[in-house]
There are 2 protein chains.
Amino acid sequence: MSKNTEATPKRTRGESANRIFKALREEILSMQLGPGQPLDEVSLAERFGVSRSPVREALVRLAAQGLVNTLPNKSTIIAPLNIEEFPQYIDALDLLQRATHRLAATLRNDADLADIDLCQQQFTQAVKEGDVVAMIERNQAFHMAIANASHNNYLAKSYASLLDEGRRILRLYFRSYNDTLPPELVVEHDRIIGAIRNQDADLAESLAHEHSQEVKTRFLEYMATSHTSGIKVI
Amino acid sequence: MSKNTEATPKRTRGESANRIFKALREEILSMQLGPGQPLDEVSLAERFGVSRSPVREALVRLAAQGLVNTLPNKSTIIAPLNIEEFPQYIDALDLLQRATHRLAATLRNDADLADIDLCQQQFTQAVKEGDVVAMIERNQAFHMAIANASHNNYLAKSYASLLDEGRRILRLYFRSYNDTLPPELVVEHDRIIGAIRNQDADLAESLAHEHSQEVKTRFLEYMATSHTSGIKVI
DNA sequence: TGAATACAGTTTGTATACTAAGAGCGTTTT
DNA sequence: AAAACGCTCTTAGTATACAAACTGTATTCA
């Protein structure tokens with residue numbers, strides 16, 4: 001193993017715990033760190049070139065967000081993603097998505113629209129380049145820009161945590177298709193933008209609903225597919 | 001066979017941070033610790049008889065829940081509750097409350113109903129005794145029992161964080177009326193229980209909506225009341 | 001007199017040291 | 001030979017030590 005640490009030379013005081021938190025969070029959400037994988041405090045400290053203290057702070061924050069599970073006196077592991085709760089997840093996502101997108105259509109201002117456009121632009125770019133990880137991230141940013149345009153922090157915060165949870169499932173889903181990206185996602189986003197720009201709340205909610213149901217359908221199809229049917233077991 | 005560790009009272013290791021977290025959380029939500037009040041790590045460590053390490057862990061977890069704000073290199077303070085966002089808060093609470101209570105009416109089982117009944121019993125007791133802090137806590141437990149009966153962890157978790165946030169506002173509200181408790185709250189809860197027991201989803205949602213709107217109306221009336229109108233300034 | 005700076009005190013952020021709780025493995029005891 | 005005991009090793013939880021940043025005050029200089 002390389003002894004190369006990720007320690008930054010400037011290391012502003014009070015930022016190292018935050019730095020580790022964001023780095024680990026990104027690796028967990030992008031599935032570079034798989035569910036169930038143990039996280040050792042000492043090796044993390046070595047990797048980031050700090051002591052265990054900021055590492056522990058980062059782990060506590062990750063645990064508070066449900067991204068890792070702390071086994072008392074043993075280790076902390078990447079939180080498993082329980083696929084069996086997927087229908088419930090979609091129900092919750094659908095509700096919050098409809099609510100935020102409907103409110104956004106009513107309450108959005110010019111600055112909100114500009115933010116949304118920018119996110120969509122970056123999303124489109126990621127799809128074009130076939131960068132799945134970036135696409136998932138930009139997709140989340142796009143919907144969060146809309147949620148912020150709803151001007152309801154409470155709904156936006158709940159919605160954000162659901163989108164976080166979903167990033168790992170989406171990663172799993174696209175990975176199963178060798179990371180090919182369907183370009184119709186861009187069109188769907190464009191339609192949502194149009195509804196919000198025209199302040200058509202009913203249409204925005206309806207499109208948000210279709211969008212979440214589409215995710216549900218696609219993922220359930222993927223789950224129903226037998227990936228081992230071509231393998232002879234006897 | 002492993003030993004029954006629950007029986008041994010010396011399970012202290014690994015619990016002190018959790019103990020401090022729960023104690024501080026309760027004091028914040030019950031407004032014993034007022035918004036804006038600074039929390040000093042050293043005095044907290046002295047108070048709980050531990051070092052700063054578990055205290056810091058508790059503070060980090062509280063910060064993750066939004067109950068305290070960490071000012072870098074300075075202090076952590078109890079998070080201010082921003083009354084100006086109250087209408088947005090009620091919007092969010094209303095949405096999640098309707099969703100969870102509707103789902104609960106459809107999906108509840110006998111164990112759920114027993115839990116809800118127990119919470120309502122404890123809530124009634126607190127109202128009878130005029131114990132406002134206990135009443136607010138039991139009210140939250142009652143609605144969370146219903147949310148758990150919805151069998152959707154994602155919605156329940158979002159709803160729980162909103163109820164947490166609301167505990168402080170409710171405390172503020174009742175304190176302004178010298179902690180007198182209106183007994184009709186018990187009746188409203190009983191009606192909700194009836195709808196859920198009868199699996200009347202529409203009624204359960206409707207009652208949940210009325211319930212949240214009632215909180216909104218009462219609180220806005222309270223906010224609109226001029227508490228200084230009897231004081232001559234000139 | 002007023003502003004700027006240096007100094008001291010306080011408190012957080014990080015590093016390190018110490019302790020206890022499990023996990024693995026070998027030895028001992030029937 | 002099998003189960004129980006104990007040894008060691010690893011790792012998390014806690015305590016303590018040290019360093020950096022912010023606050024306030026007092027002194028100095030214009």
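Using a 4.0 Å heavy-atom criterion, one finds that A:S75 contacts the sugar-phosphate atoms exclusively. Counting any heavy atom pair closer than 4.0 Å across all strands shown, B:L39 reaches sugar-phosphate atoms only and no base atom.
Under a 4.0 Å N-O distance rule, the pair A:R47/A:E27 qualifies as a salt bridge. Between B:R98 and B:D94, at least one side-chain N (NZ, or NE/NH1/NH2) sits under 4.0 Å from a carboxylate O, which counts as a salt bridge. Electrostatic pairing of A:R171 and A:E137 does not count as a salt bridge here, judged by no charged N lying under 4.0 Å from a carboxylate O.
Set against D:dG13, C:dT16, C:dG13, the side chain of B:T70 has C:dG13 as its closest nucleotide. Checked against C:dT14, C:dG22, D:dT14, the side chain of A:A17 finds its nearest nucleotide in C:dT14.
When the side-chain nitrogen and oxygen atoms of B:S16 are compared with OP1 and OP2 of D:dG13, none of them lie within a distance under 4.0 Å. Distances shorter than 4.0 Å separate some side-chain N or O of A:N73 from OP1 or OP2 on C:dG22. Phosphate contact (OP1/OP2 of D:dT16, side-chain N/O of B:S53, threshold under 4.0 Å): absent. OP1 or OP2 of D:dA15 lies within a sub-4.0 Å distance of a side-chain N or O belonging to B:S51. Taking side-chain N and O atoms only, B:K74 has a distance below 4.0 Å to OP1 or OP2 of D:dT23. Contact check, A:R52 against C:dA15: no side-chain N or O comes under 4.0 Å of OP1 or OP2.
A straight line from CD of A:E41 to P of C:dT16 spans 15 Å, rounded to a whole angstrom. Rounded to an integer number of Å, the gap from B:R56 CZ to C:dT11 P is 14 Å. If you measure from atom CD of B:E46 to atom C1' of C:dT11, you get 13 Å, rounded to the nearest angstrom. B:E57 places its CD atom 7 Å from the P atom of D:dG13, with the value rounded to the nearest Å. For B:R61 and D:dG13, the CZ to P distance is 11 Å, given to the nearest whole Å. Between the CG atom of B:D40 and the C1' atom of C:dT10 there is a distance of 9 Å, rounded to whole Å. Between A:F21 atom CZ and C:dG13 atom P the separation is 16 Å, expressed in whole Å. The CG-C1' distance, from A:L71 to C:dA23, rounds to 14 Å in whole Å.
When each of B:P54 and A:V42 is assigned the nucleotide of DNA chain D bearing its nearest heavy atom, the one mapping closer to the 5' terminus is A:V42.
Considering only heavy atoms from C-beta on, B:V55 comes within 4.5 Å of B:L59 through its side chain.
Taking the six-membered ring for Trp and thresholds of 30 and 60 degrees, B:H189 and B:F142 have nearly parallel ring planes, at less than 30 degrees apart.
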